[in-house]
2 protein chains.
Amino acid sequence: MEEGTLKSPGHMRDTVTAPAPAAPAGEDTADCVADYPYDVKQWDVREDCEVRQILDRIADKWSLLVIALLDCESLRFTELRREIDGISQRMLTRTLRHLERDGLVSRTVHPTVPPRVDYALTPLGSTLHATIQSLVAWTERHQSEIVAARAAYDAREAREAYGAPGKEHEG
Amino acid sequence: MEEGTLKSPGHMRDTVTAPAPAAPAGEDTADCVADYPYDVKQWDVREDCEVRQILDRIADKWSLLVIALLDCESLRFTELRREIDGISQRMLTRTLRHLERDGLVSRTVHPTVPPRVDYALTPLGSTLHATIQSLVAWTERHQSEIVAARAAYDAREAREAYGAPGKEHEG
DNA sequence: CAGGATCCTTTTCGATACTG
DNA sequence: CAGTATCGAAAAGGATCCTG
C-alpha cells in the first residue's frame with residue numbers, strides 16, 4: 001500500500017499557531033461582517049482539523065468529477081472510466097474506494113460471470129452532490145471571465161517584461 | 001450575490017443499461033428520471049475542456065482555503081500565512097499568483113519601507129466565495145457522519161481480513 | 001515584509017502485468 | 001469486467017538562502 005488507510009501520526013508539525021479557536025457551531029455566511037475585533041476565523045484551518053482533511057478529499061480533482069457525474073443513477077466502473085476523460089484505472093479505483101470509505105458512494109457487486117459493479121451516491125453523497133453542482137455551475141458561468149482575466153494577466157506580465165528596468169540584460 | 005440555490009434543477013444525463021431494479025444492498029437514493037436515450041452529459045469532462053482546468057484549480061487544496069479565508073476584508077501575506085496552518089511560503093505565493101491570474105483575488109502593493117502587500121477577493125472571487133463557503137459549511141455539518149462512515153468501513157474491512165478465504169497465504 | 005531561486009524529499013499518477 | 005500489485009516518471013511541496 002502506498003497510502004495507509006489508518007495513518008494518523010507522523011506528519012504533524014508542532015507549530016500550532018492557533019491563537020483563537022474556531023467559532024462554535026453555526027456557519028455564518030454573512031459577507032463583509034468584520035465586526036469582531038478578534039482575528040478569529042469562523043472555521044478551523046489547522047492541519048489536524050477534521051474539516052481540513054475532509055475538505056482535502058472532496059476537493060480532490062477526481063472525487064469532484066465522480067460525485068458530479070454520479071448524479072442519481074448508478075454507473076458501472078467502465079462507464080465512469082469512459083465518462084471521465086483522462087482518468088486511469090488506478091485513480092478511478094482509488095477515488096471510488098475513498099468515496100466509499102467516506103460514505104459518499106455505495107458499491108454494489110453483482111456476482112455474475114462477467115463481474116459487474118455499480119457505483120451510486122449514498123444519501124449523504126447526494127447532499128454533497130448538490131453543493132458540488134453549484135461549484136460546477138459557477139465554473140461554467142464564469143469560465144469566460146476567467147479566461148479573459150488570464151489573458152489580461154499574461155499580457156500585462158509580458159508587457160512589463162519589456163519595459164522592466166534592470167530586468168532585461170540584453171546587449 | 002447571484003449564486004442562488006444549491007439545488008440544481010433537473011439535469012439530463014445519459015442512459016445506463018438499466019439492470020435489475022432491485023438493489024440488494026439496500027442503497028436507495030431518490031429515484032431519478034433517466035429516460036434520456038442520449039449519451040449526453042450536461043457538462044464537458046474532457047481534459048482539454050476549460051471547465052475541467054478551472055475546476056482543477058479552484059478545487060485545489062490551498063486555493064480553496066485562501067478563498068474561504070479571504071471573506072471580504074483584505075489580508076496581508078503574513079496574515080494569510082499565519083491563518084492557514086501548514087502552508088509554506090512557496091505554496092502561498094504560488095497559490096496567490098494563480099488566483100490573481102484567474103482574476104479571483106487582487107494584489108495591492110504598498111510602496112512603503114517595510115513592504116506591504118494586501119490580498120483581497122475581486123468581485124468575481126466573491127461570487128466564488130459564496131459557493132466555497134457552502135462547501136465548507138457542508139463539510140462542517142457532515143463531518144461526524146463521515147468520520148463514522150470511515151470507522152465503519154475500516155471495521156468491516158478489518159473483520160473481512162480475518163475470515164477472508166484465499167486472502168491469507170500462510171505457508 | 002514579501003517573495004524569487006534553488007535543492008531536495010514526498011506524494012501522486014500512469015503504464016504494465018497479473019488475478020478471479 | 002473489475003479490479004490488485006508493482007515500478008518508475010512526474011509533479012507537488014518544503015526548507016533554505018538571498019534580495020529589495
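Chain letters run A, B, ... following the sequence lines, proteins first, then strands; residues in each count from 1. The analysis underlying the following values was restricted to heavy atoms, covering all of them including side chains, and did not include hydrogens, waters or symmetry mates.
Comparing A:V113 and B:R107, the nucleotide of DNA chain C nearest to each residue sits closer to the 5' end for B:R107. Along DNA chain D, the nucleotide closest to A:P115 and the one closest to A:Q89 are compared, and the more 5′ of them pairs with A:P115.
Residue A:R97 has a polar side-chain atom (N or O) positioned under 4.0 Å from OP1 or OP2 of D:dT4. Using a 4.0 Å cut-off, no side-chain N or O of B:Y119 falls inside it from OP1 or OP2 of C:dC1.
In this structure, A:E79 atom CD and D:dG3 atom P are separated by 13 Å, rounded to whole Å. In this structure, the CG atom of B:L92 is 14 Å from the P atom of C:dC1, given to the nearest Å. The distance from atom NE2 of A:H98 to atom P of D:dG3 is 14 Å, rounded to the nearest whole Å. Rounded to an integer number of Å, the gap from A:L96 CG to D:dC1 P is 16 Å.
Criterion: ILVMFWY side-chain heavy atoms under 4.5 Å apart, direct or through other members. Under it, B:V105 and A:Y153 are not part of a common hydrophobic cluster.
Residues satisfying the side chain to side chain donor-acceptor pair (under 3.5 Å) criterion with A:R52, sequence neighbours excluded, are absent altogether. Annotation: side chain to side chain donor-acceptor pair (under 3.5 Å) contacts of A:R81 (sequence neighbours excluded): none.
For the atom pair A:D102 CG and A:L124 CG, the distance stands at 9.0 Å (nearest 0.5 Å). One finds the CG atom of A:L55 at 4.5 Å from the OG1 atom of B:T139 (value rounded to the nearest 0.5 Å). B:Q53 contributes atom CD, which lies 7.5 Å from atom CZ of A:R150 (distance to the nearest 0.5 angstrom).
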So which protein N/O to nucleotides 9-14 of chain D N/O distances come out below 3.5 Å?
{"residue": "D:dG13", "atom": "N7", "partner": "B:R90", "partner atom": "NH2", "Å": "3.1"}
{"residue": "D:dG14", "atom": "OP1", "partner": "B:G86", "partner atom": "O", "Å": "3.3"}
{"residue": "D:dG14", "atom": "OP2", "partner": "B:S88", "partner atom": "OG", "Å": "3.0"}
{"residue": "D:dG14", "atom": "N7", "partner": "B:R90", "partner atom": "NE", "Å": "3.4"}
{"residue": "D:dG14", "atom": "O6", "partner": "B:R90", "partner atom": "NE", "Å": "3.2"}

